[in-house]
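Note that this is a predicted model, so its numbers are computed, not measured.
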Amino acid sequence: SDNMLYPQEDKEMHTLLYACSNCQHQEIATDTCVYKRVLRKSADEPKDTLKDAAADASLPRTRSVKCYNCGYPEAAYFQAPTKGELGLTLYFICCSPTCGHRWRD
């Protein structure tokens, strides 16, 4: 039930083929790309970047803001592009281990 075609080289003809691992079926590759991974970014904020940001010691921290959610007096911050806006947006992440609330400047 493995119905994928796998890249294979025809050494005599110097061609890239796609071959079935179950039968003898082969076809000449129309493209030399053998693997493609498409990453879709969120439109509003870079969530993957923010996921563990409060625990990231390399991010700068500030005590000049308080968390809107829990009142904790320290937040990590970074700048990142935001879709549909020019320039960079300043993001804050609450450093409280029980909160982790994020907000934009």
Side-chain angles (χ1 to χ4, degrees):
S1 52
D2 183 9
N3 62 353
M4 280 185 57
L5 295 176
Y6 294 93
Q8 186 176 4
E9 179 189 7
D10 182 335
K11 290 186 190 322
E12 285 178 26
M13 300 295 288
H14 301 288
T15 342
L16 180 65
L17 302 171
Y18 286 112
C20 177
S21 60
N22 293 329
C23 69
Q24 300 300 313
H25 177 77
Q26 289 183 337
E27 52 191 67
I28 295 172
T30 55
D31 190 357
T32 55
C33 178
V34 293
Y35 181 78
K36 183 176 179 180
R37 183 173 180 182
V38 178
L39 301 173
R40 296 195 186 345
K41 279 203 248 178
S42 169
D44 52 345
E45 59 183 33
K47 288 184 174 52
D48 287 345
T49 309
L50 294 174
K51 198 161 50 177
D52 301 311
D56 185 347
S58 70
L59 280 179
R61 292 168 185 252
T62 183
R63 289 185 166 269
S64 67
V65 295
K66 276 190 177 171
C67 176
Y68 297 123
N69 189 49
C70 73
Y72 195 78
E74 186 180 27
Y77 63 95
F78 66 95
Q79 288 185 308
T82 302
K83 189 173 183 176
E85 293 181 24
L86 293 172
L88 297 174
T89 303
L90 188 59
Y91 290 94
F92 292 95
I93 307 101
C94 178
C95 289
S96 165
T98 55
C99 180
H101 178 67
R102 331 182 262 270
W103 68 96
R104 293 168 52 163
D105 188 28

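Within the structure, side chain to side chain donor-acceptor pair (under 3.5 Å) pairs that include any residue of residues 66-81 do not occur (at least two apart or interchain).
Leu88 belongs to no hydrophobic cluster, as no Ile, Leu, Val, Met, Phe, Trp or Tyr side chain comes under 4.5 Å of its own. Other members of the cluster containing Ile28 are Leu17, with ILVMFWY side chains joined at under 4.5 Å, either directly or via other members.
The SG atom of Cys94 lies 8.5 Å from the NE2 atom of His101; values are rounded to the nearest 0.5 Å. Annotation: the span from Leu5 atom CG to Gln26 atom CD amounts to 10.0 Å, rounded to 0.5 Å. With rounding to the nearest 0.5 Å, the separation of CD1 in Ile93 from SG in Cys99 is 11.5 Å. Here the CZ-OH distance, from Arg104 to Tyr91, works out to 5.0 Å after rounding to the nearest 0.5 Å.
Under the side chain to side chain donor-acceptor pair (under 3.5 Å) criterion, Gln24 pairs with no residue at all, not counting sequence neighbours. Shown here are the side chain to side chain donor-acceptor pair (under 3.5 Å) partners of Thr30, two or more places apart in sequence or in another chain: there are none.
Annotation: side chain of Cys67 is not in contact with side chain of Ser96 (no heavy-atom distance under 4.5 Å). Looking only at side-chain heavy atoms (C-beta outward), Leu90 and Phe78 stay at 4.5 Å or farther from each other.
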Between side-chain atoms of residues 7-15 and protein atoms elsewhere (two or more places apart, or another chain), which donor-acceptor pairs fall under 3.5 Å?
unit_1, atom_1, unit_2, atom_2, d
Glu9, OE1, Lys11, NZ, 3.3
Asp10, OD1, Glu12, N, 3.2
Asp10, OD1, Met13, N, 3.1
Thr15, OG1, Met13, O, 3.2

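Taking both residues in full, the closest heavy atoms of Cys95 and Arg61 are given as SG-NH1, 2.9 Å, listed atom of the first, atom of the second, then distance.
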